[in-house]
Amino acid sequence: MALMQTSPYRVLSQRTCSSFRKTTVGLFNFRGSPSVRGFYLLNTAYYSNYSSDNFCSSSKRRSRGPVMAAKKASEGSKREDGKYRHTVNLPDTAFGMRANSSVREPEIQRTWDDKQVYSRVVDRNNGGNFILHDGPPYANGDLHMGHALNKILKDIINRYKSLDQDARKGLTPLKLRSKAAKFAKQTVQNQMASFKRYGVWADWNNPYLTLDPEYEAAQIEVFGQMAIQGCIYRGRKPVHWSPSSRTALAEAELEALFTITLSQNWTIINCNSSNELSYEAFVQYPEGHVSRSIYAIFKLVDAPPTSSGLLKEFFPELCLAIWTTTPWTIPANAAVAVNAKLQYAIVEVHSLSENVSLSAETKKRKFGNVLKESKKLFLIVASDLVLTLEAKWGMKLIIRRTLSGSDLENCRYIHPIDSRECPVVIGGDYITTESGTGLVHTAPGHGQEDYVTGLKYGLPVLSPVDDGGKFTEEAGQFVGLDVLGDGNMAVVKYLDEHFSLIMEESYGHKYPYDWRTKKPTIFRATEQWFASVEGFRPAAMNAIGDVNWIPSQSENRISAMTSSRSDWCISRQRTWGVPIPVFYHVQSKEPLMNEETINHIKSIIAQRGSDAWWLMTVEDLLPEKYREKASEYEKGTDTMDVWFDSGSSWAAVLGKRDGLSFPADLYLEGTDQHRGWFQSSLLTSVATKGKAPYTSVITHGFVLDEKGFKMSKSLGNVVDPRTVIEGGKNQKEAPAYGADVLRLWVSSVDYTGDVLIGPQVLRQMSDIYRKLRGTLRYLLANLHDWRADYAVSYQSLPIIDQHALFQLENFKMNIRESYEKYQFYKIFQIMQRFVIVDLSNFYFDVAKDRLYVGWPTVNETWLAFPAKEIDFWTKVLELRTEVNKILEVARTEKLIGSSLDAKVYLQTSDASLASRLCEMCAASNDADTLHRVFITSQAEVIPSLENELISHIPFSGECLIQGQSNVWIGVSRAEGSKCERCWNFSPQVGSFLEHPTLCSRCYDVVGVQPLPAVALTS
Ligand SMILES: [Zn+2]
């Protein structure tokens, strides 16, 4: 771990590479340096080379050197001094600088297909499986950026796990699933083609589909196990009901609209995921949902003996005041609920009729007839709300008495429409004084809390509304009217005519919509099948605790949703999907469903698919034992909630397919799946297996535009993955970046929150991509003639190479650690730093003229680079930065052109540093010499500044290395003449008769490598 701490790969806090290097100006030390001459305060502009397109621009400028010159020559430009050019090891590669992605990527992807690269990679792995279970697709046509984020993240994990041989982990195919017949199959085909174009690897020929008979049978099996264990029951309870699609809905099939009132305008202020509000809704219903809310009054007729003393004196003018946003539920009213802990007031109402109509605020309000009567009126409201209601109603409310909520229990009132006597009951903490009157109109057939309160008091579950949302005959004179339209208005009118309405006003609020039809839903009690979440909630909560949630906050999210959810309504009134395998007795309507009937149906569906339920007769669908009585039964017509379909995938896929196992290692979907697939899978799995179907769950955020706004067609800020890859109509504005740039973007974002993308982000990504590509190209170009037998043993490598290998090993270790933590954005940052700072700006720069070195393979050795050496090399790198500053001054002042024209002098009072630097000057391996590190022709360590020599050194400066060692740096012209071959200066140039323009090193190299005839004659 000590190595880790000294690791140069600190995680960077910013995305762009321009923030990599800290400002170095401050490292110069001004104090006590009277002899410093030619000192310039340098700015950091010099180090901005990594923001330019080409990595190596700094070294080019400082010392173009033979390699670059040769490269230039090889690219076609003429060079006059070519005598020794053929003796230089030229870089060479077919790997282009430009990606040419629109041509090359499809070619590469075809090669993957043709050569079955994916399945071969899978086959080569014989370690344990890693199972990433792919979730339900959104079978809604074309893919958007969210799909790209999701699938590419999965692919990154999949590829890491499949290529990670050392970790002995294998891979199972990504699976794709879908849910509806031909349309779905076509959609699946289209989506697959797009995913393939994203470069995603998967077993595309073998996806799983929820409409496969095998899948459907497994789903029936899960349902059967739950039924046999008593987790499934039939009940008449209020459920979300969509009149527009005539079916019950689960919470995950709803979209909420949320508006709040700002002065007189309805303004949508918030629609975000944290609030469970859908952005789609925001786009589709810009006006939000506005209800007609009413304040109505119900006349008290009786009080129990315990409280009659408090109330009787106000009879018969005493009424309960209630408030509701769904007047159409008044016919189903069965009680008024109060909170026992709240204080209530009996108020006498005094009309201020003149003022009422004048206020601008009242324009949206309509006051009831009851206020126009001159009769006495006493109302019961929560004490805390008296002032609010006075203001709202424009009336004077004189408090005549206060009493507690419990005093009101068992009082009786007359139902305003059908004259039933109904009770006042004690409700729960849901009754507050935040809005309304503190008394809650209770209709157990139309609300979950009402239903629960109703159970306590044995209230009737009235729901006089049919499948299409129209009043039934049970609703008397309202029969046939639409509860969300004329029925609602008729109820309000009736109440007003019968002196039961105080006020009506528009009210904007959060309201559930059907996600398919985009129409409002209602709460309605019908006979439905439920999964008893109540029954296994503790087990579900425990299972949540056993899962690794990434990011960790998502555990709170799913815990809150699971702990608060009511029983799961799993039946739907639809004719497609998987049937609920139940028969009903024709006369008694009693359901018939047991292990035998379920198993029989399961085996039929396994062979013939779920269509059999509709095609076959009751007789054929019943097991042998029941056949004789077939005429007494009819088939159920309900199907299962689609979330039950997808929530059974662990059983249908993980449990059934070869090579897969339960639970999966990972589920990875968007954060909206906490109440969708993550939860439905958890519930079915906990109910039947007692544990979660996954050991880890990753959630990612939504994709927003680069300003942080949600994408929408109307805002024109949609980034389409296809356009990113293939380019838009205007290729200038929307160039074809290719799948690699899209994938690089996915890897760069911290997906645990919402992520941003837009033209600017893509341009930056494309720049970084080019830099990475340039580095790969540089490496490939220099390895073109490499052969395994060129390898040099680690011990024989120059120390600078050992240091580079140490850095490489650290780099690998750090990225592997980030892969294991699924933190790809850290890999992105680590890689950028490694490529730009460690390789491009230093190692490649220095190693340029000796690129014939092979790489050893025993990498543990590389990591064992001694701590003392790491420390020293850190100092050398820092010193190099300081030397470069003085060189730059000398260059600006025209003393030198290339850095090879210079000689560097160093002086330090740090004796141990001075001695190591002296050793370097005399290093036996040329690659390790100090002047090579500086890319100058010479470097010398001088013992003291009290030296005649100093006065001849034109440029100098001082710096503090590692905050402790003061080093004086001087720069002068190099000694001797320039070598024609390597461009280094040396006093020995001119001393070899045969090659008068070469230095001794080049003389030696050329001596071993005789010039070919063609070169000699030129
Ligand atoms: Zn030379």
Let me check something: any side-chain donor-acceptor pairs from residues 474-487 under 3.5 Å, sequence neighbours excluded? List them with distances.
unit_1: D482; atom_1: OD1; unit_2: L484; atom_2: N; d: 3.0
unit_1: D486; atom_1: OD1; unit_2: D482; atom_2: N; d: 2.8

Backbone N or O of E534 within a donor-acceptor pair of the D567 side chain at under 3.5 Å?
yes
W328 and H446: aromatic ring centres closer than 6.0 Å?
yes
Counting only pairs under 3.5 Å, give me each side-chain donor-acceptor contact of residues 378-388, with atom names and distances, residues two or more places apart or in other chains.
unit_1: S383; atom_1: OG; unit_2: Q343; atom_2: O; d: 3.4
unit_1: S383; atom_1: OG; unit_2: Q343; atom_2: OE1; d: 3.4
unit_1: S383; atom_1: OG; unit_2: Y344; atom_2: O; d: 3.4

Quick check on F315: does its CZ atom have over 12 non-hydrogen neighbours (other residues, nucleotides or ligands) under 6.0 Å away?
yes
Distance col, row Q673:CD vs S554:OG, nearest 0.5 angstrom, shows 13.0 Å
Do F678 and T699 have side chains that approach each other closer than 4.5 Å (heavy atoms only, starting at C-beta)?
yes
Under 30°, 30 to 60°, or over 60°: which ring-plane class applies to H498 and Y494, parallel, tilted or perpendicular?
parallel
Is any side-chain heavy atom of T437 less than 4.5 Å from a side-chain heavy atom of Y295?
yes
On the 0 to 90° scale, with breaks at 30° and 60°, tag the F298-Y413 ring pair as parallel, tilted or perpendicular.
parallel
Electrostatic pair E504:R365 at N-O distance under 4.0 angstrom
no
Side chains of M503 and W323: does their closest heavy-atom pair fall under 4.5 Å?
no
Could you tell me whether K237 sits above the aromatic face of F530, with NZ or CZ closer than 6.0 angstrom to the six-membered ring centre and within 45 degrees of the axis?
yes
Quick check on K341: does its NZ atom have over 12 non-hydrogen neighbours (other residues, nucleotides or ligands) under 6.0 Å away?
no
Check: T324 and I294 side chains under 4.5 Å, non-hydrogen atoms:
yes
Establish, for the pair K710 and F702, whether the NZ or CZ atom is under 6.0 angstrom from the six-membered ring centre and no further than 45 degrees off its axis.
yes
Pairing of E317 and K375 as salt bridge, 4.0 angstrom limit:
no
Salt bridge (Lys or Arg N to Asp or Glu O under 4.0 Å) with E527: which of R236, R234, K589?
R234
So do the side chains of F471 and V491 get within less than 4.5 Å of each other, counting heavy atoms only?
yes
Is it true that atom NZ of K707 has more than 12 heavy atoms of other residues, nucleotides or ligands lying nearer than 6.0 Å?
no
Keeping D450 on the side-chain end and A443 on the backbone end, is there a donor-acceptor pair under 3.5 Å?
yes
Checking ring-ring contact (aromatic ring centres under 6.0 Å, His included) for the pair W529/F644: CA distance, chi angles, key distance, verdict?
CA-CA 12 Å; W529 290 93; F644 201 98; over 10 Å; no
More than 12 heavy atoms of other residues, nucleotides or ligands under 6.0 Å from CD of E421: yes or no?
yes
Please list, chain by chain and in numerical order, all residues satisfying salt bridge (Lys or Arg N to Asp or Glu O under 4.0 Å) with R401, sequence neighbours excluded.
E313
Look at the side chain of D638 and the backbone N and O of I580, then say whether any donor-acceptor pair between them is shorter than 3.5 Å.
no
Atom NZ of K456: over 12 foreign heavy atoms under 6.0 Å:
yes
Side-chain heavy atoms of Q553 within contact of R557, under 4.5 Å
no
